[in-house]
Amino acid sequence: MNSKIFTSTPIWENGISLIRICTGIMIIMFGKEIFEEATMNDYIKFLTDVGFPAPRFMLTLAKLTELIGGVFLLAGLFTRIVVFPLMVTMLTIIWYMSEGNFFNGGTASTFFLLFLTLLFLGSGTFSLDYVLFDKEHKKK
């Protein structure tokens, strides 16, 4: 047991799949706010107050990115591609809501780090990326 705890090797090889699935579900929850008119109006007011250009359009774009990107993450499809627009969305939120202070960005900073992790580690074995594109597992 100690040999697993004090090494850099993963305890569970499929752990990244669990992280991806949970992250996908959580970002979908934020993306579905696009269907909540009161919440959207509050966000639009905030974005207007801080001088964000085209606040309604950009908010809709961000929420669609979260919703659609979350679905792709949940399925593990095109994971490394999907995290880029999600990371840009999180950096934009950090810039405007935390005045560019990444370490004070709260949830957006946490999501950014999760997306960065998925960029580096991929989607894991329980994913459509693995089934469709991983040629190594097909050789076995």
For this session: Nearest 0.5 Å please: distance from the CD1 atom of Ile27 over to the CD1 atom of Ile68.
Result: 13.0 Å
Exercise. Where do Thr92 and Phe52 land on the side-chain contact (heavy atoms from CB on, under 4.5 Å) test, with the steps shown first?
Worked result: CA-CA 10 Å; Thr92 305; Phe52 201 87; 3.7 Å; yes
Exercise. Does Leu47 reach the side chain of Arg56, with side-chain heavy atoms less than 4.5 Å apart?
Worked result: no
For this session: Flag yes if Phe35 and Leu59 sit in one hydrophobic cluster, no otherwise; membership is Ile, Leu, Val, Met, Phe, Trp, Tyr, and two members link when side-chain heavy atoms are under 4.5 Å apart.
Result: yes
For this session: Measure the shortest side-chain to side-chain distance between Thr23 and Phe115 over non-hydrogen atoms and say whether it is less than 4.5 angstrom.
Result: yes
Exercise. Side chains of Phe111 and Leu86: closer than 4.5 Å at any heavy-atom pair?
Worked result: no
Exercise. If you take all heavy atoms of Ile94 and Ala108, which pair is closest and at what distance?
Worked result: CG1-CB, 3.7 Å
For this session: Identify the heavy atoms of Gly105 and Ser98 that sit nearest to each other, and give their distance.
Result: CA-OG, 3.2 Å
For this session: Work out which heavy atom in Arg80 is nearest to a heavy atom in Leu119; give both atom names and the distance.
Result: NE-O, 2.8 Å
Problem set entry | Option passing side-chain contact (heavy atoms from CB on, under 4.5 Å) with Met87 (candidates Leu116, Leu113, Leu114, Leu118) | Leu116
Exercise. Should the heavy atoms of other residues, nucleotides or ligands under 6.0 Å from OH of Tyr96 be counted, would the total exceed 12?
Worked result: yes
Problem set entry | Shared hydrophobic cluster, Met40 / Met29 (ILVMFWY, side-chain heavy atoms < 4.5 Å) | yes
Problem set entry | Hydrophobic cluster membership, Ile16 vs Trp12, 4.5 Å side-chain cutoff | no
For this session: Taking Thr79 for its side chain and Gly122 for its backbone only, find out whether a donor-acceptor pair lies under 3.5 Å.
Result: no
Seminar exercise, completed: Here the gap from Met90 atom CE to Thr110 atom OG1, rounded to the nearest 0.5 Å, amounts to 10.5 Å
Exercise. In Å, rounded to the nearest 0.5 Å, how long is the span from CG of Asp49 to NZ of Lys45?
Worked result: 4.0 Å
Problem set entry | Heavy-atom pair of closest approach, residues Ser127 and Gly76 | CB-O, 3.6 Å
Problem set entry | Straight-line distance of Thr89 OG1 to Lys63 NZ, nearest 0.5 Å | 9.5 Å
Exercise. What pair of heavy atoms forms the shortest contact from Leu73 to Gly24, and how long is it?
Worked result: CB-CA, 3.9 Å
Exercise. Are Ile81 and Leu132 joined in one hydrophobic group, where the rule is that I, L, V, M, F, W and Y side chains link up if heavy atoms are under 4.5 Å apart?
Worked result: yes
Seminar exercise, completed: Here the pair of heavy atoms bringing Ser123 nearest to Ser17 is O-OG, 3.5 Å
For this session: Taking atom CZ of Phe84 as the centre, report whether more than 12 heavy atoms of other residues, nucleotides or ligands fall under 6.0 Å from it.
Result: no
For this session: Report yes if the side chains of Leu18 and Asn14 come closer than 4.5 Å at any heavy-atom pair, otherwise no.
Result: no
Exercise. Out of curiosity, does Ile28 fall in the hydrophobic cluster containing Leu64 (side-chain heavy atoms, cut-off under 4.5 Å, transitive links)?
Worked result: yes
For this session: For the residue pair Phe133 and Phe78, categorise the inter-ring angle as parallel (less than 30°), tilted (30 to 60°) or perpendicular (more than 60°).
Result: tilted
Exercise. Is it the case that more than 12 heavy atoms not belonging to Phe30 sit under 6.0 Å from its CZ atom?
Worked result: no
